[in-house]
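A short write-up of the structure that comes next.
All values below come from the heavy atoms of this structure, side chains included, with hydrogens, waters and symmetry mates left out. Just so you know, ligand 1 is whichever comes first in the structure, and atom 1 is the first atom listed for that ligand.
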Amino acid sequence: MKVKAAIATGQLQPLVVDEVDLDGPREGEVLIEIKSAGLCHTDQMLIDGSRDWPDYPLILGHEGAGIVREVGKGVTRLKEGDAVIPLAMPECGECPPCKSNKSNLCDLYFKPRDRKPFSWNGKPITSFINLGTFAQYVVVRDFHVAKIRQDAPLDQVCCMGCAGITGIGAALNTARVEAGSSVVVFGLGGIGLNVIDGARLAGATTIIGVDTNTDKEAPARKAGLTHFLNAKDFQGDDIVTTIHNLTNGGADYSFECVGHPALAQQAVNSSRMGWGTTVLIGIMPGAITDTMPIQPRSIQAGRWVTGSYLGNIKPISQFPELVDWYVEGKLTQDNLISHRFPIEQINEGFDLLKSGKAGRVVIDF
Ligand SMILES: [Zn+2]
Ligand SMILES: [Zn+2]
């Protein structure tokens, strides 16, 4: 079938919106009509030159929500008409991480795959992380697809498959924020707001947000922020001292949601010696082999530093509960979406995201 999609043709090139061909679902695959898709910084990094990527042209997009329109042979868990969210992380149910309650990092995520359902001008093209949600329809393997409740508003929960699961999961599953604790969040974009949502749900009583854009304060306060610090008002490590003062000695939990090495160090130093936990969420720029300095003394002082990928939440068996929470009014997802565009204006959306002025930007089909 012919579908409209946004195609990345290389670094520092605007996305091209054009018709592409989409192959129907084969065994184990499903065809999903995407209703809304979120723009994420991880997509942005493959457009603005900040992350190495060898394979263009490419259909970006890894956040979205839609309806199953056709299922391939052997698919029994999903049926036509189901409301779904496709996620970057599969859950095969068979590999050691899928069978363990310690991680969501399914072994299949790291296995390269040859199948390319999209083609453009007669040549097969890659869909980012096997998804490619900046297209009207996608064909994905069923173990990438979370079935969600039918009454979930797809135009609101469309950001939960990356920003939502990542932020809420980092607070609840990775850091395991406790009631009465103090939290500091560096970067109040889509991920940061969801970390705040998760921290509030966990009962954190001090939630400090750091950003350079004061427009981010109001939505963050709605999510549960108690203190806003404008990074522009501080010199050097003064912000670390201020966080220590606000938390009586350092935050119990700190989260780096930007992907900046200097902020990662500040996040670690802002946490309390002895037990403070820092979760690194933001994807750092550059190559996958690049290194990042963190002062050994700050770790030797009994702090914990960890990473989190999609919030350490399993996409099929655990993630749908988060959508239930949204429908039940426990989350503030709609508050984090700041702009909506048709796919023809997707480049405008990325410009806004890059400017730091936007929360989450959404494309509606
Ligand atoms: Zn993302
Ligand atoms: Zn698995």
Side-chain angles (χ1 to χ4, degrees), residues 6 8 15 28 34 36-48 50-51 53 58-65 77 85-113 127-134 138 140-146 157-170 174 187-195 255-259 279-285 307-319 322 333 336-337 346 349-350 352-354 358-363:
L15 300 182
I34 300 291
S36 298
L39 275 53
C40 174
H41 282 99
T42 307
D43 302 303
Q44 173 92 57
M45 293 175 94
L46 302 187
I47 306 171
D48 70 10
S50 57
R51 185 174 167 193
W53 188 263
L58 169 74
I59 297 184
L60 287 170
H62 58 282
E63 255 188 18
R77 191 177 54 83
I85 289 182
L87 291 100
M89 185 61 60
E91 183 179 346
C92 76
E94 302 294 330
C95 70
C98 281
K99 285 186 171 168
S100 157
N101 60 10
K102 291 180 180 171
S103 175
N104 63 344
L105 290 175
C106 173
D107 283 354
L108 286 184
Y109 181 69
F110 302 96
K111 292 211 171 103
R113 186 165 193 252
S127 27
F128 184 47
I129 334 182
N130 297 308
L131 295 180
T133 55
F134 298 158
V138 297
V140 299
R141 289 173 291 178
D142 71 335
F143 46 63
H144 279 277
V145 180
V157 300
C158 60
C159 297
M160 293 192 70
C162 179
I165 190 173
T166 300
I168 296 165
T174 310
L188 302 181
I191 305 273
L193 288 179
N194 276 290
V195 172
F255 298 85
E256 203 281 347
C257 308
V258 179
V279 185
L280 302 178
I281 308 172
I283 307 276
M284 298 290 163
S308 180
Y309 202 98
L310 292 192
N312 204 14
I313 291 180
K314 293 183 193 293
I316 292 174
S317 58
Q318 298 175 336
F319 165 69
L322 267 57
Q333 292 296 299
L336 70 92
I337 298 172
I346 192 167
F350 273 113
L352 263 169
L353 195 67
K354 191 163 176 62
R360 213 51 163 182
V361 179
V362 165
I363 296 298

Check: Is a side-chain N or O of R77 found less than 3.5 angstrom from the main chain of V145, in a donor-acceptor match?
Finding: yes
Item checked: Distance-only donor-acceptor check, side chains H144 and N130, under 3.5 Å -> no
Check: Side chain of K314, backbone of P90: donor and acceptor closer than 3.5 Å?
Finding: no
Next item on the list: Check H62 and report its N/O/S atom nearest to the Zn ion (ligand 1), by atom name.
Entry: NE2
Next item on the list: Kindly report the SG-the Zn ion (ligand 2)-SG angle for C98 and C106 respectively, rounded to 10°.
Entry: 110°
Check: Is the side chain of D43 donor-acceptor paired with the backbone N or O of C40 at a distance under 3.5 Å, no angle test?
Finding: yes
Check: Taking the Zn ion (ligand 1) as the vertex, how big is the angle to SG in C162 and SG in C40, rounded to 10°?
Finding: 130°
